[in-house]
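Written below as structure tokens is the structure these notes are about.
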Amino acid sequence: MPIPEPSPWNLPNALTVLRILLVPVFVWLVLRDGGEDPATRWWAWGVFAVAIITDRIDGDLARAKGLVTTFGKVADPIADKALTGAGLITLSMIGEIPWWITVVIIARELGITLLRFWVIRHGVMPASRGGKVKTFLQALAIGLFVIPLSSLPVEWLWRGIAWLILVAALVVTIATAIDYVMKALTLRTTSDRARMKRARRASGGR
């Protein structure tokens with residue numbers, strides 16, 4: 001007898017929802033005064049850091065306590081995409097990151113989200129290991145660019161590190177997109193639903 005799925009009303013999912021609610025706060029702080037106020041930028045970094053920490057905590061807690069739910073599997077990557085998307089867009093708006101990089105990354109994230117819904121009747125595609133590396137690199141790059149780098153000693157070094165991590169995030173983002181597409185196509189042809197559909201066709205629909 002299959003074990004029933006835990007209730008979605010649990011602490012890990014609450015942390016995921018909190019992360020989503022922090023997104024508009026983060027956006028407001030980054031854009032305040034056109035991103036020119038160092039103090040506000042540090043506050044934005046603090047909010048971003050809290051949101052990223054909740055991402056780590058909710059996943060570990062859900063697995064440790066057996067609270068993994070379908071809602072969590074779907075909402076967690078959506079929360080990640082909302083946070084990183086907001087970070088990229090706001091940083092492009094204040095001139096820290098070129099728009100083309102933001103467009104490429106966001107287009108990939110939206111595409112994979114639609115892909116998840118495309119195959120959801122065949123099964124849920126959880127975040128892969130490569131996807132987690134991608135999320136980590138994106139978050140690290142965004143966090144560095146949110147910091148008012150001009151206020152740091154050896155600004156050129158910190159800015160160089162931030163750019164190196166951002167480029168790495170861009171490469172992993174594209175590579176994992178290809179991997180997810182391949183997995184989605186495989187899932188649609190190997191799931192129980194797909195096998196049952198082929199069996200019905202083979203039997204003439206009986």
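These figures come from a predicted structure and were not determined experimentally.
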Exercise for review: Could you tell me the separation between the CG atom of Leu152 and the CG atom of Leu157, rounded to the nearest 0.5 Å?
Suggested key: 10.0 Å
Listing, residues 85-96 side-chain donor-acceptor contacts under 3.5 Å, not counting sequence neighbours, or none:
unit_1: Thr90; atom_1: OG1; unit_2: Ala86; atom_2: O; d: 2.7
unit_1: Thr90; atom_1: OG1; unit_2: Gly87; atom_2: O; d: 3.1
unit_1: Ser92; atom_1: OG; unit_2: Leu88; atom_2: O; d: 3.1
unit_1: Ser92; atom_1: OG; unit_2: Ile97; atom_2: O; d: 3.0
unit_1: Ser92; atom_1: OG; unit_2: Thr102; atom_2: OG1; d: 2.6
unit_1: Glu96; atom_1: OE1; unit_2: Arg159; atom_2: NH1; d: 3.3
unit_1: Glu96; atom_1: OE2; unit_2: Arg41; atom_2: NH2; d: 3.1

Review point. So, do Thr84 and Ile142 sit near enough that their side-chain heavy atoms are less than 4.5 Å apart?
Key: yes
Study note, to complete from the structure: dist Leu29:CG -> Leu22:CG (nearest 0.5 Å) comes out at 10.0 Å
**Study point:** Interatomic distance, Asp80 atom CG to Asp76 atom CG [nearest 0.5 angstrom]
**Key:** 5.0 Å
Check your understanding: What about Val27 and Val103, same hydrophobic cluster or not, with Ile/Leu/Val/Met/Phe/Trp/Tyr joined at side-chain heavy-atom distances under 4.5 Å?
Key -> no
**Study point:** Cluster overlap Ile165 with Trp156, hydrophobic side-chain contacts below 4.5 Å
**Key:** yes
Check your understanding: Between Leu114 and Val104, is there a shared hydrophobic cluster once you connect ILVMFWY residues whose side-chain heavy atoms come closer than 4.5 Å?
Key -> no
Point to revise | Co-membership, hydrophobic cluster, residues Leu140 and Val167, 4.5 Å side-chain | key: no
Exercise for review: Identify the heavy atoms of Val25 and Leu21 that sit nearest to each other, and give their distance.
Suggested key: CG2-O, 4.0 Å
I'd like a table of donor-acceptor pairs (distance under 3.5 Å, sequence neighbours excluded) in which one partner is a side-chain atom from residues 49-57, with atom names and distances.
unit_1: Thr54; atom_1: OG1; unit_2: Ala51; atom_2: O; d: 2.6
unit_1: Asp55; atom_1: OD1; unit_2: Arg19; atom_2: NH2; d: 3.3
unit_1: Arg56; atom_1: NE; unit_2: Asp60; atom_2: OD2; d: 2.8

Exercise for review: Taking the side chain as every heavy atom from C-beta outward, state whether Val47 and Trp43 have any atom pair closer than 4.5 Å.
Suggested key: no
Point to revise | Separation between CG of Leu144 and CG of Leu149, rounded to the nearest 0.5 Å | key: 7.0 Å
Study note, to complete from the structure: The side chain to side chain contact (heavy atoms under 4.5 Å, CB included) partner of Ile147 among Trp45, Phe48, Trp158 is Trp45
Exercise for review: Classify the angle between the aromatic ring planes of Phe145 and Trp163 as parallel (below 30°), tilted (30 to 60°) or perpendicular (above 60°).
Suggested key: perpendicular
Check your understanding: Any side-chain heavy atom of Phe26 within less than 4.5 Å of one from Val30?
Key -> yes
Practice item. Treat each ILVMFWY residue as a node, draw an edge where side-chain heavy atoms are under 4.5 Å apart, and state whether Trp99 and Ile101 are in one component. Key: yes
**Study point:** Heavy-atom closest contact (Pro148 atom, Pro38 atom, distance)
**Key:** CG-O, 3.8 Å
Review point. With a 3.5 Å cut-off and no angle check, do the side chains of Thr16 and Asp58 form a donor-acceptor pair?
Key: yes
Check your understanding: Do the side-chain N and O atoms of Thr173 and Arg108 include a donor-acceptor pair separated by under 3.5 angstrom?
Key -> no
Point to revise | Asn10 versus Thr69, side-chain donor and acceptor atoms under 3.5 Å | key: no
Check your understanding: Rounded to the nearest 0.5 Å, how far apart are NZ of Lys183 and CD1 of Ile178?
Key -> 13.0 Å
Exercise for review: Scan residues 134-154 for pairs that pass salt bridge (Lys or Arg N to Asp or Glu O under 4.0 Å), counting only residues two or more places apart or in two chains.
Suggested key: Glu109-Lys134
**Study point:** Test side-chain contact (heavy atoms from CB on, under 4.5 Å) applied to Asn13 and Trp9, step by step
**Key:** CA-CA 7 Å; Asn13 287 347; Trp9 299 96; over 6 Å; no
**Study point:** Leu110 vs Ile106 side-chain heavy atoms within contact, under 4.5 Å
**Key:** yes
Revision key, fill the gap. Taken to the nearest 0.5 Å, the spacing of Leu83 CG from Ile78 CD1 works out to 14.0 Å
